[in-house]
Amino acid sequence: MTNKQASICLFNTLTRKKETFTSIVPDKAKIYTCGPTVYDYAHIGNFRAFLFEDILKRWLTYRGYKVIHIMNLTDIDDKTIKGSQKKGIPLQDYTEFYVNAFFEDIKALNILPADVYPKATEHICEMIKIIQILLKKGVAYKGEDGSIYFSIAKYPEYGKLSHIKVNELKAGARVNQDEYAKEEAQDFALWKAWTPEDGKIYWDTELGRGRPGWHIECSAMSMKYLGETFDIHCGGIDNMFPHHENELAQSEASTEKKFVNYWMHNEHLQVEGKKMSKRFGNFYTLRDLLAKGYDPIVIRYLLISTHYRQQFNFTFEGLESAKAAVDRLRNFVRRIHEVEGTTMTEKVSTLTSKLEACFGGSMDDDLNIGTALAALFDFIREMNVLLDANLVSKEEAVQVGGLMIRIDEVLGVIGKVEIKEVLSEDVDALVQKREEARRAKNWKEADTIRTQLKAIGIILEDTTQGVRWHKEKKV
RNA sequence: GCUGGGGUGGCCGAAUGGUUCAGGCGGUAGCCUGCAGAGCUGCUCUAUAUGGGUUCAAUUCCCAUCCCCAGCUCCA
């Protein structure tokens with residue numbers, strides 16, 4: 001479904017305004033999103049960010065853009081180094097494990113894969129090139145400790161993304177110990193000189209022995225794959241400062257071109273009303289929830305159902321509620337597939353046009369998924385009324401089914417609804433046996449069989465068109 | 001401390017200077033059903049943190065207060 005007339009508005013952190021999205025190359029959207037640091041399993045907060053980016057991508061695609069998406073994997077930093085040393089295994093073996101876990105998780109959540117997942121450790125050369133340019137331009141300098149720092153004094157626009165005035169920054173508890181080596185406390189490391197704590201983890205380069213700073217990897221990898229200026233850069237709100245601010249500064253200082261046109265940041269989530277933290281015992285990885293038996297798609301629905309710039313309160317009650325909502329969507333689609341009627345009214349096409357307009361208009365408005373979902377549920381209710389009255393033809397039902405598929409290409413929560421799954425023979429025999437019992441009005445036996453089937457996850461529903469059944473999805 | 005975001009019904013969450021403040025979930029009554037499920041309909045008490053102000057009219061704009069959350073150098 002493409003609609004070239006439609007214009008998508010996105011909230012740009014740079015301007016703090018909603019702006020009409022215009023891509024550099026028509027019909028192509030180049031997106032860079034900050035990926036995971038692969039030192040542990042990702043938690044549900046991380047996935048809120050990845051799901052927001054997934055929805056953005058899917059919506060751009062729906063509107064006819066060819067999306068090119070790069071997501072980095074940070075496989076070299078303090079945490080990965082510490083983790084690998086603690087386990088006594090090579091850094092790469094350590095991070096590879098969590099990279100694989102990450103891929104499993106995003107697949108479970110039905111997140112579309114990025115086009116490229118560049119790793120920091122595989123782009124040291126590209127980073128060094130940028131650092132050398134910055135040194136040459138005098139924007140970077142070598143500190144007394146041998147590390148190379150970016151001098152924010154040389155980049156007057158510093159702070160334009162986060163709107164932070166550098167001189168107001170709190171000289172607080174987290175100021176780096178090696179601060180003495182920098183000219184200004186706010187200068188940040190582009191290249192970190194080797195220290196004994198790094199052990200075997202270092203690169204011998206033109207810049208000396210050491211490892212890259214955190215921010216430089218995103219500059220190097222985004223520009224390598226997307227060009228010096230690209231369309232959209234996403235990440236969690238916490239990354240806005242200092243990570244993205246620094247990334248922006250070093251990129252623009254090196255290229256003297258605008259780095260990114262649209263910066264988008266998602267808000268964090270809370271769990272049961274509190275900040276998610278291990279201390280409160282409310283810290284969950286996706287795996288924790290799956291182990292409790294929750295359906296990853298229900299988790300997906302819950303995490304996408306709140307606008308991305310809104311703080312979101314994750315609760316287990318919400319998860320139950322999300323399951324019911326997803327069931328409602330799936331029940332509707334299942335019902336649509338079963339339509340055999342012939343009566344046609346104009347009502348169905350009126351409703352589908354309304355849905356497309358409302359859903360699309362909402363999503364165009366900075367991915368306002370709340371009103372988009374409201375439009376979808378309105379549509380379902382009104383369609384159910386028509387279905388109850390047997391006023392939908394098979395032909396119309398097929399069209400509605402097609403629209404639901406297009407919408408689900410954006411939401412990714414309905415999936416394939418099995419209409420004619422094959423039942424195992426003994427299960428099928430039970431269903432038949434119950435039908436006979438019902439015909440004989442032997443309700444007791446019929447109910448026993450129904451309970452029996454429910455225990456193995458087969459839900460039976462008696463309708464005027466005969467018995468209908470489907471497999472129960474886990475919560 | 002500084003800088004942002006926010007406080008909407010039983011819960012989650014939209015929206016808006018103006019007829020009845022989306023939608024989902026839950027509860028409840030009814031229709032349908034052998035029953036259940038699904039679906040539909042009604043209800044869910046004064047739902048917009050509090051106190052002022054602007055306005056013919058504010059939940060929406062302004063001010064103050066209280067509370068929550070985040071950022072403040074490598075946490076999405």
Side-chain angles (χ1 to χ4, degrees), chain A residues 16 33-37 42-53 74 77-79 162-166 168-176 179 185-189 192 213-215 217 234-243 245-246 265-270 273-277 301-302 305-307 309-315 317-329 331-332 334-335 358 362 368-378 380-385 387-389 438 441-444 446-447 450-451 454 459-464 468-470:
Chain A
R16 305 286 153 105
T33 63
C34 279
T37 301
H43 57 70
I44 52 173
N46 299 119
F47 288 116
R48 185 185 189 197
F50 303 140
L51 282 165
F52 142 62
E53 291 150 2
T74 300
D77 80 320
D78 291 352
K79 283 179 296 211
S162 56
H163 294 208
I164 281 176
K165 294 185 186 79
V166 177
E168 282 175 9
L169 283 184
K170 184 169 101 179
R174 290 169 78 183
V175 167
N176 222 324
E179 192 188 317
Q186 294 83 6
D187 290 350
F188 58 90
K192 295 183 154 189
W214 175 38
H215 318 295
E217 67 170 88
C234 302
I237 189 76
D238 58 314
N239 274 161
M240 183 175 73
F241 187 85
H243 182 52
E245 191 70 61
N246 293 351
H265 295 94
N266 64 279
E267 260 294 347
H268 280 195
L269 58 74
Q270 291 171 249
K274 281 186 179 165
K275 178 179 177 165
M276 180 168 70
S277 86
Y301 179 88
L302 181 64
S305 61
T306 294
H307 186 80
R309 281 192 288 119
Q310 185 81 25
Q311 276 180 10
F312 172 69
N313 186 15
F314 181 94
T315 62
E317 197 186 340
L319 219 37
E320 299 296 332
S321 162
K323 180 196 184 292
V326 171
D327 279 346
R328 186 165 159 79
L329 296 174
N331 281 335
F332 174 70
R334 196 174 294 122
R335 215 179 156 183
C358 292
S362 298
N368 190 341
I369 198 157
T371 36
L373 287 173
L376 178 58
F377 283 109
D378 278 337
I380 288 175
R381 193 186 56 251
E382 288 166 311
M383 276 300 297
N384 275 327
V385 172
L387 288 165
D388 283 348
R438 287 190 70 227
K441 296 199 192 294
N442 184 351
W443 308 128
K444 200 166 187 180
D447 291 352
R450 186 168 62 194
T451 312
K454 191 176 179 190
I459 306 289
L460 291 186
E461 292 173 21
D462 301 317
T463 72
T464 47
R468 156 172 118 173
W469 65 272
H470 66 270

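Sequence lines set the chain letters: A, B, ... in the order given, protein chains first and strands last, and positions in each chain run from 1.
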Nearest whole angstrom, please: distance from the C1' of B:G4 to the CD of A:Glu245. 14 Å
Does B:C75 have OP1 or OP2 under 4.0 Å away from a side-chain N or O of A:Lys79? yes
Determine the Euclidean distance between corresponding P atoms of B:G51 and B:C12; express it in Å to zero decimal places. 22 Å
Of all the nucleotides listed (B:C25, B:A76, B:A70), which has the minimum atom distance to the side chain of A:Asn239? B:A76
Rounded to the nearest Å, what distance is computed from the CG atom of residue A:Asn384 to the C1' atom of nucleotide B:G24? 15 Å
Less than 3.5 Å between a donor and an acceptor, one on the side chain of A:Gln311 and one on the base of B:C69, is that the case here? yes
Write down the protein N/O and nucleotide N/O pairs, taken from nucleotides 34-38 of chain B, whose separation is under 3.5 Å; answer none if there are no such pairs.
residue	atom	partner	partner atom	Å
B:G34	O6	A:Arg438	NE	3.4
B:G34	N1	A:Asp447	OD1	3.0
B:G34	N2	A:Asp447	OD2	2.7
B:C35	O2	A:Arg450	NH2	2.4
B:C35	N3	A:Arg450	NH1	2.8
B:C35	N3	A:Arg450	NH2	3.3
B:C35	N4	A:Asp462	OD2	2.7
B:A36	N6	A:Asp462	O	3.1
B:A36	N1	A:Asp462	N	3.1
B:A36	N3	A:Arg450	NH1	3.1
B:G37	N2	A:Asp462	O	3.4

Counting only side-chain heavy atoms from C-beta out, which of B:G24, B:A14, B:G13 sits nearest to A:Phe377? B:G24
Rounding to an integer number of angstrom, what distance separates B:C45 and B:A22 when you compare their P atoms? 13 Å
Picking from B:A14, B:C25, B:C75, which would you name as closest to the side chain of A:His43? B:C75
Between A:Gly236 and A:Asp378, which residue's closest nucleotide on RNA chain B lies nearer the 5′ terminus? A:Asp378
Between C1' of B:G9 and CD of A:Glu317, the distance in whole Å: 14 Å
Rounded to the nearest Å, what distance is computed from the CG atom of residue A:Asn313 to the P atom of nucleotide B:G13? 6 Å
Over how many whole Å does the gap from A:Met240 atom CE to B:A70 atom P extend? 15 Å
Flag side-chain contact, heavy atom, 4.5 Å: A:Lys454 against A:Ile459: yes
To the nearest 0.5 angstrom, please state how far the CE atom of A:Met240 sits from the CG atom of A:Asn266. 11.5 Å
Tell me, with the steps shown, if A:Asp78 and A:Trp214 meet side chain to side chain contact (heavy atoms under 4.5 Å, CB included). CA-CA 9 Å; A:Asp78 291 352; A:Trp214 175 38; over 6 Å; no
I'd like to know if the side chain of A:Arg48 reaches the main chain of A:Gly236, judged simply by a donor and an acceptor atom lying under 3.5 Å from each other, with no hydrogens or angles considered. no
Using the C1' atom as the reference point in each nucleotide, state the distance between B:A47 and B:G13 in Å, no decimals. 13 Å
A:Phe241 has an atom CZ; how far is it from atom C1' of B:G5, in whole Å? 18 Å
Which part of the nucleic acid, if any, lies within reach of A:Gly45 when heavy atoms closer than 4.0 Å are counted: base, sugar-phosphate only, or nothing? base
Rounded distance in Å - NZ (A:Lys323) to P (B:C11): 23 Å
Please work out which of the three classes, parallel, tilted or perpendicular, describes the rings of A:His215 and A:His243, given edges at 30° and 60°. tilted
If you round to the nearest 0.5 Å, how far is CG of A:Leu269 from OG1 of A:Thr315? 11.0 Å
Using atom types as modelled and distance alone, determine if a side-chain donor or acceptor of A:Ser321 lies under 3.5 Å from a backbone N or O of A:Glu317. no
Euclidean distance for P, B:G10 against B:A49 (whole angstrom): 14 Å
If you round to the nearest 0.5 Å, how far is CG of A:Leu460 from CZ of A:Arg438? 9.5 Å
Give the nucleotide from the list B:C75, B:A76, B:G23 with an atom nearest to the side chain of A:Met276. B:A76
More 5' along RNA chain B: A:Arg381 or A:Ala49, using each one's nearest nucleotide? A:Arg381
Same-atom distance (P) from B:U60 to B:G17, integer angstrom: 11 Å
Among B:G23, B:A14, B:C25, the one nearest any side-chain atom of A:Thr371 is B:A14
B:A15, OP1 or OP2 - any side-chain N/O from A:Asn368 closer than 4.0 Å? yes
Kindly say if A:Arg309 contacts the phosphate of B:G6, meaning a side-chain N or O under 4.0 Å from OP1 or OP2. no
Can you check the A:Asp238 CG to B:U3 P distance for me, whole Å? 21 Å
For the side chain of A:Ser321, starting at C-beta, report the closest nucleotide among B:C25, B:A76, B:U73. B:C25
I'd like the P distance from B:A15 over to B:U46, given in whole Å. 25 Å
Is it true that A:Asn331 and A:Arg334 share a donor-acceptor pair across their side chains at a distance under 3.5 Å? yes
Regarding A:Leu269, tell me which of base, sugar-phosphate or nothing describes its non-hydrogen contacts under 4.0 Å with the strands shown. base
Output for pair (A:Arg328 CZ, A:Asn384 CG), nearest 0.5 Å, gives 6.5 Å
Stepwise, does the side chain to side chain contact (heavy atoms under 4.5 Å, CB included) test hold for A:Leu373 with A:Tyr301? CA-CA 11 Å; A:Leu373 287 173; A:Tyr301 179 88; 3.8 Å; yes
Verify stack between A:His268 ring and B:A76 base, 5.5 Å, 30 degrees: yes
One should read off an interatomic distance between A:Asn46 CG and A:Met276 CE, to the nearest 0.5 angstrom, of 7.0 Å
If the P atom of B:G4 is compared with that of B:U65, how far apart are they to the nearest Å? 16 Å
B:U16 and B:C69, which share atom name P, separated by this distance in whole Å: 27 Å
Intra- and interstrand pairs of RNA chain B - dot-bracket, Watson-Crick/G-U under 3.5 Å, | marks other strand: (((((((..(((.....[....)))((((((.......))))))....(((((..]....))))))))))))....
